[in-house]
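Take a look at the structure set out below.
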Amino acid sequence: MKELVKEKVAEVISEVYGDDGVEVLERASFEKPKKKEFGDLATNVAFLLAKVVRQSPGTIAQELVRKLSAFPEFEKVEVAGGGFINFTFSQELFSRILREVVEEKFYICDVGRGKRVLLEYVSANPTGPLHVGHGRGAVVGDVLSRVMKLTGYRVEREFYINDAGRQIYLLGLSIYLRAKELAGKEVEFPEDAYRGDYIVEVARELLKVKPELPELPEDEAVKVAAEFGKELLLKEIQEDLKKLRVEFDSWFSEKSLYERGKVEEVLKLLKEKGLIYEKEGALWLKTTLFGDDKDRVVRRSNGEYTYFASDIAYHWDKIKRGYDRAIDIWGADHHGYIPRVKAAIEALGKSPDWLEVILIQLVKLFKGGQELKMSKRKGDFIPLRWLMEEVGVDAVRFFFLLKRHDTPLDFDIDLALSQKSENPVYYVQYAHARLCSVLDKAREEGFRPSPENLNLLSSPEERELISNCYLLRYELQAVARKREPHRLTYYLIELASSLHRFYNKHRVVNRDERELTEARLYLVEGVRRTLEVGLGILNVSAPRRM
RNA sequence: GGGCCCGUAGCUCAGCUGGAUAGAGCAACGGACUUCUAAUCCGUAGGUCGGAGGUUCGAAUCCUCCCGGGCCCGCCA
């Protein structure tokens with residue numbers, strides 16, 4: 001409907017002010033007004049036009065309104081607030097919108113224009129199980145990818161596996177030491193080793209297939225343990241993600257970058273550009289030339305490459321794969337890392353804006369008013385799997401999207417388990433179940449949804465519902481453009497709320513009024529469908545019965 | 001010390017490419033079930049949008065400074 005109104009406004013503006021006026025339309029807002037007295041849609045074009053044609057917003061608005069009133073799609077067009085133009089849609093237009101909601105994929109669009117986007121998320125080290133923070137990033141990435149696809153982007157989803165470097169060595173060492181311990185030997189555990197109980201489990205598994213491990217020379221044993229642990233833990237990560245209903249198109253191995261010589265290759269390239277120098281035995285990249293605070297080491301004086309080096313190679317690989325844009329989703333504690341990666345991208349000849357980084361803030365778990373603490377170092381962090389089992393995947397996914405990704409999230413486990421309206425997941429799911437129940441009941445009584453008399457749906461509650469359904473289209477656009485998937489949960493809560501409001505005020509099935517009943521059933525089907533689609537994008541179930 | 005993020009109702013937060021009288025949920029109080037799911041709805045109360053300046057027709061939103069909170073500043077990842 002925004003498109004339709006915009007079209008009519010463009011027509012009128014070009015008639016009155018010529019093509020200069022039409023340009024401001026791109027910047028103008030077409031929004032649902034906050035107050036329902038202001039009609040169904042409002043625009044601020046007159047304010048913007050005022051600067052171009054040098055007349056007062058009020059005068060311009062008057063002029064536009066005079067012509068816009070002629071269109072049959074609008075019941076009323078008026079000026080308010082000194083220059084806003086408020087549109088009240090005709091009943092005929094509402095009927096048209098509802099038919100689209102029921103019969104078409106009204107929520108998809110092409111604002112992405114087929115742009116290719118690489119979305120990288122989770123990318124947890126295969127050195128331990130996923131914790132709840134990873135889960136939040138996973139859900140944000142997953143839902144964002146779905147929405148971007150629906151809005152016309154070509155999205156590929158990737159998980160970067162940090163299967164090289166020091167943390168993998170430490171993983172191997174930790175498993176090896178635990179295995180020795182299990183074999184009854186005294187061991188000393190270094191400070192930076194992984195201490196979680198899962199390491200003992202991995203060691204136990206490894207001993208089953210390789211009982212001689214504790215007797216092997218340490219170098220060899222650590223290597224074996226690292227390889228074994230890495231694969232086992234990666235498999236567990238993949239299982240957790242599957243359980244969380246999060247998918248990827250590709251799994252990119254850091255180690256493969258070394259094996260294919262990609263790290264050396266990209267450093268050579270940067271060296272040829274004169275951006276790498278040697279100091280104190282180490283190799284440095286001149287990231288300060290591109291806005292970083294200081295230059296960064298890419299190869300340490302002991303000959304080992306840093307994590308940054310392989311990350312440069314990784315992003316170089318992304319660049320070469322030809323994406324229009326790359327989006328990385330990281331934990332907020334990595335924010336200090338952004339300038340150097342962007343610097344590297346610029347050093348490689350790409351605009352730093354090509355890479356967008358979305359930061360995911362901390363998740364804190366609360367139960368009985370008490371915070372459940374986590375700390376990865378000590379190994380007593382809260383595993384994502386535990387949370388999924390505790391509250392269910394629907395609640396986990398929905399709750400992770402209840403706040404903007406860059407604000408810390410307090411996850412209330414008691415609330416997630418509650419089966420009352422205070423729990424937003426139940427609130428939305430209940431709306432869907434309720435509608436299914438109405439449709440079933442109506443069918444039993446011989447009523448069918450019908451688009452024959454939609455003009456009967458003229459109450460404020462009905463008009464509001466129709467327009468809220470169609471809003472999904474614009475919410476998805478906003479989610480994609482701003483990269484803010486949490487908007488979708490807020491939208492669904494609002495839609496459910498307007499449904500419950502309608503339901504309490506109007507009876508749907510009424511034997512004495514067949515035409516109205518069937519029109520309302522058509523509306524009910526439209527709302528049900530919209531809820532189903534919205535929950536489907538969140539990948540949260542839409543139950544028929546609760 | 002430098003950088004990033006945040007500060008909106010008692011609590012948890014939406015709203016931020018400037019727009020009309022700043023919203024929701026929870027908590028509090030008062031109502032609505034012989035009728036399609038009360039797992040719901042309606043109403044009341046609750047605010048110097050951290051503070052001060054600036055930009056302009058208009059600022060919670062943009063800019064500057066200050067206050068308060070979190071995170072990051074390694075030849076770790």
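All values below were derived from every heavy atom in this structure, side-chain atoms included, with hydrogens, water molecules and symmetry-related copies excluded. A note on names: the letters A, B, ... follow the listed sequences, proteins ahead of strands, and every chain is numbered from 1.
Partners of A:Asp414 according to the salt bridge (Lys or Arg N to Asp or Glu O under 4.0 Å) rule, which considers only residues two or more places apart in sequence or in another chain, do not exist here. Residues meeting the side-chain contact (heavy atoms from CB on, under 4.5 Å) test with A:Glu236, sequence neighbours left out: A:Leu232, A:Arg385. Contacts of A:Phe398 classified as ring pair (Phe, Tyr, Trp, His ring centres under 6.0 Å), with partners at least two apart in sequence or in another chain: none. Listed by chain and residue number, nothing satisfies the salt bridge (Lys or Arg N to Asp or Glu O under 4.0 Å) test with A:Glu264 (two or more places apart in sequence, or in another chain). Residues forming a side-chain contact (heavy atoms from CB on, under 4.5 Å) with A:Lys441 (at least two apart in sequence, or on another chain): A:Glu445.
Interface residues of residues 509-526 of chain A facing RNA chain B, ordered by number: A:Val509; criterion, heavy-atom separation under 4.0 Å.
Residue pairs meeting the salt bridge (Lys or Arg N to Asp or Glu O under 4.0 Å) criterion with at least one partner in residues 159-175 of chain A, sequence neighbours excluded, are A:Arg166-A:Asp192. A salt bridge (Lys or Arg N to Asp or Glu O under 4.0 Å) check over residues 303-313 of chain A, counting only residues at least two apart or in different chains, returns the pairs A:Arg300-A:Glu304. Applying the side-chain hydrogen bond (donor to acceptor under 3.5 Å, both in side chains) definition to pairs two or more places apart or across chains, those involving residues 395-406 of chain A are A:Asp142-A:Arg397, A:Arg404-A:Asp406. The list of side-chain hydrogen bond (donor to acceptor under 3.5 Å, both in side chains) pairs with a residue in residues 281-291 of chain A, not counting sequence neighbours, reads A:Thr287-A:Asp292, A:Thr288-A:Asp295.
Residue A:Arg404 has no polar side-chain atom (N or O) positioned under 4.0 Å from OP1 or OP2 of B:C16.
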**Report entry** Per-nucleotide protein contact string for nucleotides 68-77 of chain B, where B marks a base within reach and S marks sugar-phosphate only (heavy atoms under 4.0 Å, - for neither)
**Finding:** ---BS-SBSB
**Report entry** Pairing string, 5' to 3', for RNA chain B - Watson-Crick or wobble contacts under 3.5 Å, brackets [ ] where pairs cross, | to another strand
**Finding:** (((((((..((((.....[...)))).(((((.......))))).....(((((..]....))))))))))))....
